[in-house]
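What follows is a single structure, written as structure tokens, with notes after it.
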Protein chains: 2
Amino acid sequence: MREHHGAGESHLPAQWPDAVVMARSTEEVAEAVRIAHRLCVPIIPYGAGSSLEGQIHAPFGGISLDLSQMDSIMAVNPEDMDCTVACGVTRQALNEHLRDTGLFFPVDLGAHASLGGMASTRASGTTTVRYGSMRDLVLGLTVVMPDGQIIKTGGRARKSAAGYDLTRLMIGSEGTLGVITELTLRLFGIPETAQSAMCSFASIEEATETVVEALQCGLCLNRIELADAVQMNAINRYSGTDLPEQPTLWIELTGSSVQVAHDMALLRDLAEGSLRFDVAETAEAASKLWRIRHTALYAARALRPGIKGISTDVCVPVSKLPACISAILEVIATTSIVAPLIGHVGDGNFHLVLLHDPARPDEVEEARHINSNLIRIAIEMGGTCTGEHGVGLGKKPYLEAEHGPALDVMRGIKRALDPANIMNPGKIFDL
Amino acid sequence: MREHHGAGESHLPAQWPDAVVMARSTEEVAEAVRIAHRLCVPIIPYGAGSSLEGQIHAPFGGISLDLSQMDSIMAVNPEDMDCTVACGVTRQALNEHLRDTGLFFPVDLGAHASLGGMASTRASGTTTVRYGSMRDLVLGLTVVMPDGQIIKTGGRARKSAAGYDLTRLMIGSEGTLGVITELTLRLFGIPETAQSAMCSFASIEEATETVVEALQCGLCLNRIELADAVQMNAINRYSGTDLPEQPTLWIELTGSSVQVAHDMALLRDLAEGSLRFDVAETAEAASKLWRIRHTALYAARALRPGIKGISTDVCVPVSKLPACISAILEVIATTSIVAPLIGHVGDGNFHLVLLHDPARPDEVEEARHINSNLIRIAIEMGGTCTGEHGVGLGKKPYLEAEHGPALDVMRGIKRALDPANIMNPGKIFDL
Ligand SMILES: Cc1cc2nc3c(=O)[nH]c(=O)nc-3n(C[C@H](O)[C@H](O)[C@H](O)COP(=O)(O)OP(=O)(O)OC[C@H]3O[C@@H](n4cnc5c(N)ncnc54)[C@H](O)[C@@H]3O)c2cc1C
Ligand SMILES: Cc1cc2nc3c(=O)[nH]c(=O)nc-3n(C[C@H](O)[C@H](O)[C@H](O)COP(=O)(O)OP(=O)(O)OC[C@H]3O[C@@H](n4cnc5c(N)ncnc54)[C@H](O)[C@@H]3O)c2cc1C
């Protein structure tokens, strides 16, 4: 139990908590936090443990506060297209629950994750290009503050100009400012039609150009994902497919059927220079196409069986993608590391899986070298060291370069709200 | 000068600053703030002075820091659909500048306002139902903190999970946490087609029902605005029109021409129960229709010449609008006040202009009575005391009811970032 709660999906060595506490209600969370506050013991909120940067590690020991049993869906309001859920509900469980309403919650990520954890890491996914990330889709929260006080932020109104945006302050704070126990979320109507296509290009530049134009034209994009040639090779080996081993886009358009048909024709024009443009003609073909996309990480890992790799995650302005990618490919070429690339290209966000053996110091050093160069390049281009995976322990060294003196403002907020530093200490930044 | 800088568009009695300082650059702002910090003198940022709740008043005197000369547009990046502007640039000036790019900035409000002021009040407008508010459309900021330190928040990446969301913390903070000197904003492609309609209903319920259905169906709404019968009467008198004096929706659909045509037909079906459904067949007809909408405030005020009125601003879950409106109409009926209603109904946001003579204590008391009841009702329904105008001095008394203990968390942040309380003191909450 402690072992499981001290590692998650991260590539970093495990650091166990001293104890795991299961909470079943906001009141129980408040009680646990109050006790920890009195005894000055670290509290590490635990959603589903899928975070990738050591967010749930316990470098100072303390209590892992497991929220997975807080899984009730308190309200669904179809008229207002919102719902209120406890923090341990997964997005899969929520969408299952919504099945008969014609509504869905769009943040769609590659893991089994809790909505509280997703808010805490400011998660996003393939449909963020259309619907936004957790930042955009949370209307309000119930939060247990570091002193055990229970507060509500936001509400059910679509917008408000009443005071500081505590909702957004909590989102992305990775459990360092309090425990989110309930979330009110926006929902959306399931679009009438979806149509998907896969197309391959001679270069990353040409693929990116198509993405920029599709965004500028306001096509009804629901997803637009990019893989590089190395990733396509990994997919072919893993899935037994024989897709072109070239930069490839997966695209999904959704909306009314007239609109989807209209925009798909336009997209085909925009992608004129592509080597291949395959529209999935049936629902089965479409779901096969997306299944291939979703195996990408496993396919990447299978290139070196038994090896997890670092899944890095930078985000740059979309137009900078080709330059950013070619600069990092040059760095990778100077090492022995294989690093398939895949990303949510509509947001300028991409991941490299840096396949290396953690038992071999030379490979560890090479992977670290690639990662830190990638981050430096992304920040120089106006981007960020993490588009969606968050900071945890893994990205801490890079925040100074990204935020400069703004990092001290973050520290000031942390000190004001958690003076005893009990909430997930050692994460995001050192005090 | 001082007089002009101590009143703005608010209904509250003017409170002058001791001096007005014009700043032309981030460095000059930092210099002014550093001096004020040393001398412990209040600094009140001033954008265009259009705020409605006494945000630019100087209850403790001090310096009004006029930012209107910081009006340069530093960068427009069509490929990434973003731009960086100085805080004094107005949205009109920005859109004028963008004219040849095919791009625009969508937050569209009823006043001549600066983008820095709009961010600071978390402004929104008629197109927020489609594009979101300032909260959603700012990628990054340059901010002078209360000690004169210059920081950058966010960046140019579409999303980031790197640390606390200082951008969103500054947005809506009404100059109490620092001075925003530059903004990086998202831009959008101008849609191919727009089509507008006006339709009247027998009741607010039926109008709202049409709105809920249009939202659920995901129609390509760009604007959806509601006026009540009193407001329509005011418009007819003011504009010499003879529109039905019934609850009325103004609707604009934008997108590709196939999509707009398709969705307009659907909308007509949804609005089946309407008394009248008039599609603007020409561009002139459409702009006339929206001109009528935009005179609404002036038309309302013209019901009592020489009287400004309080322009209140609540926001509730859309489905609660009929109940909220009918509850407040009952309250209004017990007073002598005339109060036309108009609102951004797609967001559940509406305004009442409470026409009263500030020289008559009985009317002042009646207006206050209506306003406080409206806010109570809205908060009870899960809504907020202000959807877009902000808190300033006018809405301060209501934040405790809306936020409860969360208000103390806001105070904690203010104290941590501005311990000397020099930034726009006395606004949003008392310390
Ligand atoms: C195969 C795979 C694919 C992935 N794909 C994506 C992707 O597409 N997009 C993406 O954004 N991420 C992705 N991730 C990363 C991960 O799924 C996200 O970071 C996710 O949001 C974590 O949610 P969780 O419930 O597992 O949180 P946990 O890992 O349990 O916790 C994450 C952090 O949030 C804190 N926390 C958790 N719950 C709460 C709470 N209720 N209140 C306060 N703090 C809390 C924890 O203390 C910790 O700091 C992927 C991970 C894997 C393994
Ligand atoms: C006729 C009319 C119609 C309106 N319609 C709308 C509408 O549709 N939607 C809407 O949201 N509002 C509306 N408003 C209200 C007003 O226009 C908004 O509040 C607007 O955002 C204020 O911008 P400003 O530049 O005038 O700011 P100001 O009034 O100058 O300042 C507003 C607040 O922000 C602070 N501030 C200003 N600039 C900065 C800066 N650079 N850094 C830090 N703090 C700063 C000030 O200290 C003050 O607290 C309307 C007002 C009128 C008179």
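To find a chain, count down the sequence lines: A is the first, B the second, and so on, and within it residues start at 1.
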Checking [X] side chain against [Y] main chain: does a donor-acceptor pair fall under 3.5 Å?
X	Y	answer
D82(A)	R186(A)	no
R130(B)	C220(B)	yes
K427(B)	Q55(B)	yes
R156(B)	T84(B)	no
E79(A)	S319(B)	no
K395(A)	C385(A)	yes
N222(B)	L253(B)	no
D418(A)	P146(A)	no

Please classify the contact between [X] and chain B as side chain, backbone, both or neither, with a heavy-atom cut-off of under 4.5 Å.
X	value
T128(A)	side chain
L103(A)	neither
H403(A)	both
E209(A)	neither
Q216(A)	both
K414(A)	both
H389(A)	backbone

Let me know if Q149(B) has heavy atoms under 4.5 Å from chain A in its side chain, its backbone, both or neither.
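The side chain, not the backbone.
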If I measure from the heavy atoms of chain A, does F188(B) come under 4.5 Å with its side chain, its backbone, both, or neither?
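Neither part.
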Apply side-chain contact (heavy atoms from CB on, under 4.5 Å) to the pair V314(B) and F350(B), showing each step before the final yes or no.
CA-CA 6 Å; V314(B) 295; F350(B) 70 91; 3.7 Å; yes
Where along residues 133-141 of chain A does a heavy atom come under 4.5 Å of chain B, listed by residue number?
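Answer by number: R135(A), D136(A).
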So which residues of residues 160-167 of chain B are in contact with chain A at a heavy-atom cut-off of under 4.5 Å?
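The stretch touches chain A at S160(B), A161(B), A162(B), G163(B), Y164(B), D165(B), L166(B).
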If you count heavy-atom pairs under 4.5 Å with chain B, which of [options] comes out on top?
options	value
L177(A), I428(A), V318(A)	L177(A)
A378(A), G189(A), G382(A), G255(A)	G382(A)
M170(A), M410(A), H344(A)	M410(A)
A123(A), G387(A), G172(A)	G387(A)

Taking salt bridge (charged side-chain N to carboxylate O under 4.0 Å, His left out) as the definition, give me every residue that meets it alongside D408(A), ordered by chain and number, with sequence neighbours left out.
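If we apply the salt bridge (charged side-chain N to carboxylate O under 4.0 Å, His left out) test to D408(A), skipping adjacent residues, the hits are R411(A).
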Residue, of [options], that accumulates the most heavy atom pairs under 4.5 Å with chain A:
options	value
L219(B), T176(B), T153(B), T121(B)	T176(B)
P317(B), G412(B), G383(B), P405(B)	P317(B)
K159(B), E402(B), R122(B)	K159(B)
E388(B), E213(B), E174(B), K152(B)	E388(B)
N349(B), I150(B), D313(B)	N349(B)

Evaluate the criterion side-chain contact (heavy atoms from CB on, under 4.5 Å) for residue pair L215(A) and V129(A); output intermediate values, then yes/no.
CA-CA 9 Å; L215(A) 291 168; V129(A) 66; 3.8 Å; yes
Restricting to non-hydrogen atoms, name the atom on [X] and the atom on [Y] that form the minimum distance, rounded to 0.1 Å.
X	Y	answer
G155(A)	T184(A)	O-CG2, 4.2 Å
G175(B)	S120(B)	N-CB, 4.3 Å
T193(A)	S256(A)	OG1-C, 3.8 Å
E192(B)	S257(B)	OE2-OG, 3.0 Å

I'd like to check N77(A) versus L187(A) (side-chain heavy atoms, cut-off strictly below 4.5 Å). Are they in contact?
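Not in contact.
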Residue pairs, two or more places apart or on separate chains, that pass salt bridge (Lys or Arg N to Asp or Glu O under 4.0 Å) and touch residues 255-266 of chain B
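Listed by first then second residue: nothing to list.
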Qualifying residue, where the test is side-chain contact (heavy atoms from CB on, under 4.5 Å) with V211(B) and the options are I224(B), L321(B), D347(B):
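For V211(B), the side-chain contact (heavy atoms from CB on, under 4.5 Å) test succeeds with only one of I224(B), L321(B), D347(B), which is I224(B).
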